[in-house]
Structures are given as structure tokens and as C-alpha cells.
Amino acid sequence: MRMSVRFIVSAFILTATACGSSTGTTYGGGSNPPASCTGLGASATIDATGSLTFNPNAATITAGQKVCWVNNSGIAHTVTSDNAGFTGGSLPNGSTVVVTFAAAGSYPYHCSIHPATMTGTITVQ
């Protein structure tokens, strides 16, 4: 119970404080994620793994394209911008987060639950 409350509060704070021109949408939340991130219009797919890494941990896309993070690892993760450059969100097991990146730049991110090993960067051209 204590962990759930802390996770929900963290997700709320992340959502309330993140800013920027790119926003994310979470799908699932315990149900099966969409069959394919491509079906959601994503140009890149990143898996949040049970070995506490993002795979791949880097992706390059063009401005206006989407990145889809998928979690089928059996444990909860987040997609958290390092510099408030985009709004990601919670990534419970069996869910996806899709973010549209509107502007060119470098967007480093991490999992706020496992920040020591789960890091990555989205490069938008």
C-alpha cells in the first residue's frame, strides 16, 4: 500500500510539473498493451525491461514523430524527462507510453523508480 501511494504521488507530481512542447499518452495500466506501437503511429519503440534497462536506450526521430515505450517486464517503470523537455508518465506492467516530439533537440530520460540503470536519450532532428 505504501509503495502504491508513493508511486501515485510521484506520477501526479511528474504530470503536474513537467512542461515542454511534447506530451505523452499512457495506454494499458495493467491490461495488454496495443499489439504494435506502429499501430499507434510511433516511429521508434523502446522496451522497458525486467533487467532494468531501456532497450534500445537511444532513438533518433524527426520532429513531429512519436516514440512508444512498452513495458511487459512484470514490474513498474516510468518514462521521466531529465530536463522537463517532454511529459512521459508512469509505465506499469502491461502498458505503453507514447510521446510526440514536436521540436528538434536532445531529450534525455530515465525511470524514476530505477534511475541508476534505466536511462536513455531521444534525439529529434
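For clarity, every value in this text was computed on a predicted model and none was experimentally measured. We number each residue from 1, following the sequence as shown.
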Show me the donor-acceptor pairs within less than 3.5 Å that the side chains of residues 54-66 make with the rest of the protein, sequence neighbours left out.
unit_1, atom_1, unit_2, atom_2, d
Q65, OE1, T62, N, 2.8
Q65, NE2, S43, OG, 3.3
K66, NZ, L40, O, 3.4

Which atom pairs, one a donor and one an acceptor, fall under 3.5 Å between side chains of residues 116-125 and the rest of the protein, sequence neighbours left out?
unit_1, atom_1, unit_2, atom_2, d
T117, OG1, L52, O, 2.7

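S73 places a side-chain N or O within 3.5 Å of a backbone atom of I75 that can act as its donor or acceptor partner. Side chain of H77 to backbone of T53: no donor-acceptor contact under 3.5 angstrom is found. Looking at T96, its side chain never comes within 3.5 Å of a backbone N or O of V70 through a donor-acceptor pair.
A pairwise comparison of heavy atoms in P115 and H110 identifies CB-CD2, 4.2 Å as the closest pair. Residues A48 and N71 approach most closely at O-OD1, 3.7 Å, considering heavy atoms. Of all the heavy atoms in N83 and S106, the pair that sits closest is ND2-O, 4.2 Å.
Between F101 and W69, the ring planes are tilted. Angles from 30° to 60° get that label.
Contact of the Y109 side chain with the I46 side chain is registered, since non-hydrogen atoms from C-beta on lie closer than 4.5 Å.
Taking CZ from F86 and OG from S81, the interatomic distance works out to 4.5 Å, rounded to the nearest 0.5 Å.
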